[in-house]
Amino acid sequence: MSPNSTLWQTILQDLEKLYNEETYNELFLPVTSTFKDQNGLLTMVVANEFLKNRINKLYIAKINELATKYSSTPVRLKFVSQEEVIEEPVADRKLTIDYRQGNLNSTYTFDSFVVGKSNMFAFRMAMKVADHPGAVANPFYIFGDVGLGKTHLMQAIGNYILDNDVEKRILYVKADNFIEDFVSLLSRNKNKTEEFNAKYKDIDVILVDDIQIMANASKTQMEFFKLFDYLYLNNKQIVITSDKPASQLTNIMPRLTTRFEAGLSVDIQIPELEHRISILKRKTATLDANLEVSEDILTFIASQFAANIREMEGALIRLISYAQTFNLEITMNVVEEALGAVLKTKKKTNDLNENNYDKIQSIVADYFQVSLPDLIGKKRHAKFTLPRHIAMYLIKLKYNIPYKTIGSLFNDRDHSTVLSACEKVERDMRMDSNLKFAVDSIVKK
Ligand SMILES: Nc1ncnc2c1ncn2[C@@H]1O[C@H](COP(=O)(O)OP(=O)(O)OP(=O)(O)O)[C@@H](O)[C@H]1O
């Protein structure tokens, strides 16, 4: 394959847009030659070690992401220096591509992971683990609620390690697949657990997703325990995710949970509103949709899908696909058309929940005939501030949650802003019968 290969030329076009002229001219343009082996490993030769290291440290994840996007067959790019090509032929280790291809999603990188307060520690430690696999935190245990980015972060570790050393064997496995694999092997041949062990032992990094699923599968747990010890003793990196801390896992044998606890545990929390909006912005950019989604609309979506990033992303994708299909500009009406059904179902589920803060926000917004983004947002006109203060007051009255938590439901306003809003509504109601009437009517709804 020559440097004029269509794939590299296509990638170059994107790189030119993504990075400044100097970087582009210095690093990407002078690639001297490329060749592809039978595993789909595309080797790019650059002039010297310095250029190679810069690309491998800073740009390889993006380049491989683009390669995956533009190639119809599995492909990975590896940059080597001119000297290396002369000294040693590029290694050909058959399994590497299969590991990546079958397991890791190449878009789950550190680069595409938006960092905020809720995941900062987890992110930083994950970077450290990826930089020094097996040496910093073993096992590395990530826990948190559904859809908050555990798999993404775990796979980012795998992708990073692989991007820096294409010969590393990274295995990502969902705990349920691990069980299935074990059970199907036993059903074929009861004495063949060695075959199972060999498959899993021949790896450098194991990423086990949703370990809680292994609850009650005691034979599989036993097998996993043996594997865990083997990998651990051989300094292979183990990364585990779960929906709860290791100490709270039920029906998982203590000899496993205590080993999980002995490593480093990090949690991922629900991101704050601004953080969720940043995630949506990043997602919009990667969708390449050529469609403008305003800040107000992103705020609205982020405020409706607080607890699960997967659902929030799903709503954004649905909205954009809808607008593209019907060739529409994205307005609040289009949001309602595209997401109406999803929001209705979500509302029903919310109605079953005790803590129904957005219901109060919607009722107040309806009562005062303002839109939800305006109620939650930053506009300071009295037309918006009065309903906003009333909504804050009613949430405090009904749920008595901390002022700071209420603030997070209103564009991350701080504790003192919410406190003074609630006090003002309470004070004004004593003197203003219209206001009292309005608040009472809303309470009855
Ligand atoms: N901080 C973030 N930045 C960018 N994308 C994110 C972030 N957090 C989550 N996502 C995206 O949200 C979606 C759901 O994330 P992921 O599958 O990693 O969640 P999870 O915690 O593993 O969920 P589950 O408990 O269901 O396994 C993915 O598309 C992921 O890329």
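Start at 1 and go down the list; that is how both ligands and their atoms are numbered.
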Novice: Indicate yes or no: at least one non-hydrogen side-chain atom of Phe260 is less than 4.5 angstrom from one of Ile240.
Specialist: yes

Novice: Salt-bridge test for Lys168 and Asp165: reply yes if a basic N is under 4.0 Å from a carboxylate O, no otherwise.
Specialist: yes

Novice: Find all protein N or O atoms under 3.5 angstrom from an N or O atom of ligand 1 and list the pairs with distances, or write 'none'.
Specialist:
{"unit_1": "ligand 1", "atom_1": "1 (N)", "unit_2": "Val114", "atom_2": "O", "d": "2.8"}
{"unit_1": "ligand 1", "atom_1": "1 (N)", "unit_2": "Asn119", "atom_2": "ND2", "d": "3.3"}
{"unit_1": "ligand 1", "atom_1": "3 (N)", "unit_2": "Val114", "atom_2": "N", "d": "2.8"}
{"unit_1": "ligand 1", "atom_1": "17 (O)", "unit_2": "Arg310", "atom_2": "NH2", "d": "2.9"}
{"unit_1": "ligand 1", "atom_1": "18 (O)", "unit_2": "Lys150", "atom_2": "N", "d": "3.4"}
{"unit_1": "ligand 1", "atom_1": "18 (O)", "unit_2": "Thr151", "atom_2": "N", "d": "3.1"}
{"unit_1": "ligand 1", "atom_1": "18 (O)", "unit_2": "His152", "atom_2": "N", "d": "2.8"}
{"unit_1": "ligand 1", "atom_1": "19 (O)", "unit_2": "Gly149", "atom_2": "N", "d": "3.1"}
{"unit_1": "ligand 1", "atom_1": "21 (O)", "unit_2": "Leu148", "atom_2": "N", "d": "3.1"}
{"unit_1": "ligand 1", "atom_1": "21 (O)", "unit_2": "Gly149", "atom_2": "N", "d": "3.1"}
{"unit_1": "ligand 1", "atom_1": "21 (O)", "unit_2": "Lys150", "atom_2": "N", "d": "3.0"}
{"unit_1": "ligand 1", "atom_1": "21 (O)", "unit_2": "Lys150", "atom_2": "NZ", "d": "2.8"}
{"unit_1": "ligand 1", "atom_1": "22 (O)", "unit_2": "Thr151", "atom_2": "N", "d": "2.8"}
{"unit_1": "ligand 1", "atom_1": "22 (O)", "unit_2": "Thr151", "atom_2": "OG1", "d": "2.5"}
{"unit_1": "ligand 1", "atom_1": "23 (O)", "unit_2": "Gly147", "atom_2": "N", "d": "2.9"}
{"unit_1": "ligand 1", "atom_1": "23 (O)", "unit_2": "Arg310", "atom_2": "NH2", "d": "3.0"}
{"unit_1": "ligand 1", "atom_1": "25 (O)", "unit_2": "Lys150", "atom_2": "NZ", "d": "2.8"}
{"unit_1": "ligand 1", "atom_1": "26 (O)", "unit_2": "Arg310", "atom_2": "NH1", "d": "3.2"}
{"unit_1": "ligand 1", "atom_1": "26 (O)", "unit_2": "Arg310", "atom_2": "NH2", "d": "3.0"}
{"unit_1": "ligand 1", "atom_1": "29 (O)", "unit_2": "Glu313", "atom_2": "OE1", "d": "2.9"}
{"unit_1": "ligand 1", "atom_1": "31 (O)", "unit_2": "His152", "atom_2": "ND1", "d": "2.7"}

Novice: With a 3.5 Å cut-off and sequence neighbours excluded, list the donor-acceptor pairs that the side chains of residues 405-413 form with protein atoms.
Specialist:
{"unit_1": "Ser408", "atom_1": "OG", "unit_2": "Thr405", "atom_2": "O", "d": "2.6"}
{"unit_1": "Asp412", "atom_1": "OD2", "unit_2": "Glu274", "atom_2": "N", "d": "3.4"}
{"unit_1": "Arg413", "atom_1": "NH1", "unit_2": "Ile376", "atom_2": "O", "d": "3.0"}
{"unit_1": "Arg413", "atom_1": "NH1", "unit_2": "Gly377", "atom_2": "O", "d": "3.2"}
{"unit_1": "Arg413", "atom_1": "NH1", "unit_2": "Phe410", "atom_2": "O", "d": "2.9"}
{"unit_1": "Arg413", "atom_1": "NH2", "unit_2": "Gly377", "atom_2": "O", "d": "2.6"}

Novice: Begin from the C-alpha positions of Tyr59 and Phe79 and carry the test ring pair (Phe, Tyr, Trp, His ring centres under 6.0 Å) through to its verdict.
Specialist: CA-CA 11 Å; Tyr59 304 101; Phe79 286 79; 9.7 Å; no

Novice: Which word best sums up how the rings of His415 and Tyr403 line up, parallel for under 30°, tilted for 30 to 60°, or perpendicular for over 60°?
Specialist: perpendicular

Novice: Would you say Asn119's side chain and Val115's backbone share a donor-acceptor pair under 3.5 angstrom?
Specialist: no

